[in-house]
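What follows is a set of notes on a single structure, which appears directly below.
Quick note on labels: first sequence line is chain A, next is B, and so on, each numbered from 1. Heavy-atom basis, side chains included; hydrogens, waters and symmetry copies ignored.
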Amino acid sequence: MARMSRFYITTPIFYVNGDPHLGTAYAAINADAFARWHRLLGDEVLFLTGTDEHGLKIQQSADEHGISPQAWVDQTASRFMSAWQELAISFDDFIRTTQDRHHRTVQKFLTAIYENGYIEKGYYIGLYCVACEAYYEESELLDGNRCPIHERPVSEMSEENYFFKLSAFTEKLIELYESGKIKVAPEFRVNEVLGFLRQGLKDISITRTSISWGVQVPWDEQHVFYVWYDALINYLTAISYGDDEARFAKWWPAVHHLLGKDIIRFHAVWWPAMCLAAGIDPPSQLLVSGWLLVDGAKMSKSSENQIDPLSVVRELSADALRYYLLASTSFGSDGDVSLDRLRASYNADLANDLGNLVSRTVALIVQKLGGMTPPTPVRDERINPLIDILLEGVAAWNEFRPNAALGAAMGMVRFSNSLLEEYEPWRRPAEDAGSIWCLGTIREALRLAAALLSPAIPNASSGVLSRLGWQELGPLEWSAGGEVRELVRAQPLFPRLAKEGR
RNA sequence: GGCGGCGUAGCUCAGUAGGUAAGAGCACACGGCUCAUAAUCGUGGGGUCGUCGGUUCGAGUCCGACCGCCGCUACCA
């Protein structure tokens with residue numbers, strides 16, 4: 001069952017122009033769960049996340065706060081890091097695009113593209129709104145070529161830029177997606193990408209002279225790279241591109257990029273094209289998540305419908321938030337969440353079903369067996385339902401379907417609760433064989449359920465194990481026998497939340 | 001306009017390749033149990049599966065039209 005392989009997973013690097021919010025937490029939690037699952041399988045895992053710290057907006061924010069851009073990003077990046085710590089995000093590396101290692105990688109990578117002839121100097125000519133400090137496409141403008149925000153006429157401006165010859169990769173990219181060489185989950189996103197590709201690609205400008213907060217173009221000091229162009233390359237920085245060929249080859253191109261559907265084009269078009277231009281393979285898989293809606297509404301900074309991830313952690317726990325998000329959304333689709341349902345899910349699934357099952361199981365072992373754990377029974381047909389559910393859960397994690405995996409874990413929990421009702425150990429003598437079988441079965445079922453749950457609720461999962469006398473998760477399969485441990489009763493794993501408004 | 005997604009019990013959602021009388025969780029009602037975090041177990045009520053039409057012995061599940069919501073259709077990160 002163990003399969004030793006490698007698993008490289010990335011999150012988008014987060015733009016540090018504000019605090020982490022539910023959307024960014026959702027991305028980090030999904031990626032973290034997948035990383036933890038693969039560690040559990042025994043894979044060698046590299047889980048990368050980080051922050052995107054360049055660009056005009058950052059420069060502006062720093063100016064507004066009257067500090068240097070570097071001081072500004074130092075502050076915001078550290079807020080992300082501590083938030084991820086609170087949310088139990090088990091990243092192996094946290095990249096910041098202002099780090100030297102990243103600057104070096106960007107320069108090497110883009111020099112390779114330059115030398116391969118895919119970057120050329122040109123003029124960007126566009127319709128520019130001075131007030132917005134941004135270019136617009138004609139299709140975006142109001143009648144009379146007016147800026148949609150300021151309603152003032154835009155003016156034609158041109159800027160000397162370096163251009164990436166994205167157009168050269170149209171056919172190649174179409175082929176990569178049609179042949180499945182680059183996998184995309186969920187699959188319907190491929191259509192979006194192909195639809196975009198089939199209208200043909202235009203070259204894009206990738207440098208700016210108007211700002212200085214970025215990675216300098218090595219062959220022309222007047223320019224810095226446009227922020228997206230530098231940001232994507234973080235995926236290579238972390239694996240020593242251009243620096244340690246063996247390490248690079250170890251992790252590339254078998255990477256899984258997790259991203260939100262809003263940034264699919266950058267990852268599905270620009271990024272693979274950049275890789276091809278630089279002479280390396282494109283990434284192998286894109287995992288595209290949907291958006292979270294809060295009470296049916298799109299999240300926005302101003303509205304009061306926000307769920308602040310860290311305040312949920314404070315009220316309940318990181319596990320409670322992680323469980324709810326992973327269990328109640330279908331990866332790849334938009335998901336509707338609410339604080340009320342989060343609390344309901346905490347009580348129903350975690351406190352009542354799982355936590356209480358642990359309590360009553362331990363209590364019965366203490367009362368009836370003097371705390372001595374019963375052995376895990378040998379498999380027979382009574383156990384098959386548990387095994388079937390377990391296998392479903394394993395398959396679900398492997399297929400990036402956390403909600404199904406967690407549903408399976410809860411199925412094992414419910415099955416165990418009903419087993420307890422069936423055997424009623426509390427009304428049988430201590431030495432009753434059925435009781436002992438039942439308790440041994442449930443204890444093992446809880447170990448396996450904890451395994452399925454651990455990518456989502458790592459802290460509570462180890463709480464389940466320790467309460468039941470398991471030293472570690474152990475193999476992902478029914479394991480008869482086992483050493484005897486002495487159990488003692490402990491605090492509830494998930495204290496029940498009092499109902500509101502009564 | 002083009003491409004795509006969604007519309008299934010009060011709520012959030014599953015429904016594989018069309019087939020025993022349409023599912024889960026939550027919520028609700030009734031019953032059981034008392035080991036357990038007033039937890040748990042069982043049973044039940046509740047749905048014209050967006051609308052209309054078609055293919056088929058048979059369609060939530062395939063085809064067509066329509067209605068509603070949403071996404072993409074390039075330089076905003």
Could you give the distance separating [M] and [N] at their [atom1] atoms, to the nearest angstrom?
{"N": "U20(B)", "M": "C28(B)", "atom1": "C1'", "result": "30 Å"}
{"N": "C49(B)", "M": "A22(B)", "atom1": "C1'", "result": "8 Å"}
{"N": "C52(B)", "M": "U43(B)", "atom1": "C1'", "result": "39 Å"}
{"N": "G10(B)", "M": "G71(B)", "atom1": "C1'", "result": "29 Å"}
{"N": "U61(B)", "M": "U16(B)", "atom1": "P", "result": "11 Å"}
{"N": "C26(B)", "M": "C41(B)", "atom1": "P", "result": "8 Å"}
{"N": "A9(B)", "M": "G46(B)", "atom1": "C1'", "result": "6 Å"}
{"N": "C3(B)", "M": "G42(B)", "atom1": "P", "result": "49 Å"}

### Task
For the residue pair Phe109(A) and Trp271(A), categorise the inter-ring angle as parallel (less than 30°), tilted (30 to 60°) or perpendicular (more than 60°).
tilted
### Message
Angle between ring planes, His267(A) versus Tyr235(A), binned at 30° and 60°: parallel, tilted or perpendicular?
### Response
tilted
What integer distance in Å separates [X]:[atom1] from [N]:[atom2]?
{"X": "Arg360(A)", "N": "A38(B)", "atom1": "CZ", "atom2": "C1'", "result": "14 Å"}
{"X": "Glu187(A)", "N": "G5(B)", "atom1": "CD", "atom2": "C1'", "result": "14 Å"}
{"X": "Asp353(A)", "N": "G25(B)", "atom1": "CG", "atom2": "C1'", "result": "9 Å"}
{"X": "Leu364(A)", "N": "C35(B)", "atom1": "CG", "atom2": "C1'", "result": "4 Å"}

Can you see if the side chain of [X] gets near the phosphate of [N] - specifically, an N or O under 4.0 Å from OP1 or OP2?
{"X": "Arg341(A)", "N": "C11(B)", "value": "no"}
{"X": "Arg489(A)", "N": "U37(B)", "value": "yes"}
{"X": "Asn352(A)", "N": "U40(B)", "value": "yes"}

### Query
Salt-bridged, Lys368(A) to Asp432(A), with N to O below 4.0 Å?
no
Remember a base hit wins even if backbone is also touched, and classify [X] as base, sugar-phosphate or nothing at under 4.0 Å, heavy atoms.
{"X": "Ile58(A)", "value": "nothing"}
{"X": "Thr329(A)", "value": "nothing"}
{"X": "Asp334(A)", "value": "nothing"}
{"X": "Phe196(A)", "value": "base"}
{"X": "Gly260(A)", "value": "nothing"}
{"X": "Ala363(A)", "value": "sugar-phosphate"}
{"X": "Arg414(A)", "value": "sugar-phosphate"}

### Task
Give a yes/no verdict on a cation-pi contact between Arg443(A) and Trp470(A), requiring under 6.0 Å between NZ or CZ and the six-membered ring centre and an angle within 45° of the axis.
yes
### Query
Heavy-atom count around Glu160(A) CD within 6.0 Å, excluding the residue itself: above 12?
yes
#### Entry: OH (Tyr123(A)) with more than 12 external heavy atoms under 6.0 Å
no
### Query
For the side chain of Glu421(A) and the base of G32(B), is some donor closer than 3.5 Å to an acceptor across the two?
yes
### Message
Is there, by distance only and without an angle test, a donor paired with an acceptor across the side chain of Ser418(A) and the base of C41(B) below 3.5 Å?
### Response
no
### Query
Nearest to the side chain of Phe188(A), which nucleotide is it out of A77(B), G4(B), U34(B)?
G4(B)
